[in-house]
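To start, the structure under review is shown below, and the notes come after it.
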Amino acid sequence: GVDPVTTGPFTFEASVAPAEGAVAIMIEGAYGEFDLKLNGRLTDLQTLDSFDLTARADGPSIGTIAALLGQDVQCFR
């Protein structure tokens with residue numbers, strides 16, 4: 001199961017901008033004790049087949065973030 005996040009902020013900011021034949025996306029936020037940042041580029045918005053994504057997460061247990069994203073948390077413990 002996923003450990004609940006019951007205290008702390010829940011804030012997110014996002015931006016989308018054109019970038020050399022693609023769309024640049026930036027998302028930053030805080031969820032409880034976790035700080036999250038995603039940067040990426042999409043070249044086809046209709047199919048989402050071609051994209052490049054970089055993610056950064058800081059917090060007390062990365063396993064909680066992995067579980068929220070539907071990933072196996074065993075490799076993060």
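Keep in mind that what you see is a predicted model, and the values were worked out from it rather than measured.
Within the 4.5 Å cutoff, side-chain heavy atoms of Ile25 are placed close to those of Leu42.
For the residue pair Ala22 and Arg41, the shortest heavy atom distance occurs at CB-NH2, 3.6 Å.
Of the inter-residue distances, the one linking Met26 atom CE with Thr54 atom OG1 reads 13.5 Å to the nearest 0.5 angstrom.
Of the charged side-chain nitrogens involved, none lies within less than 4.0 Å of a carboxylate oxygen, so that Lys37 and Asp35 do not count as a salt-bridged pair.
Under the side-chain contact (heavy atoms from CB on, under 4.5 Å) criterion, Leu38 pairs with Ile27, Leu53, Ala55, sequence neighbours left out.
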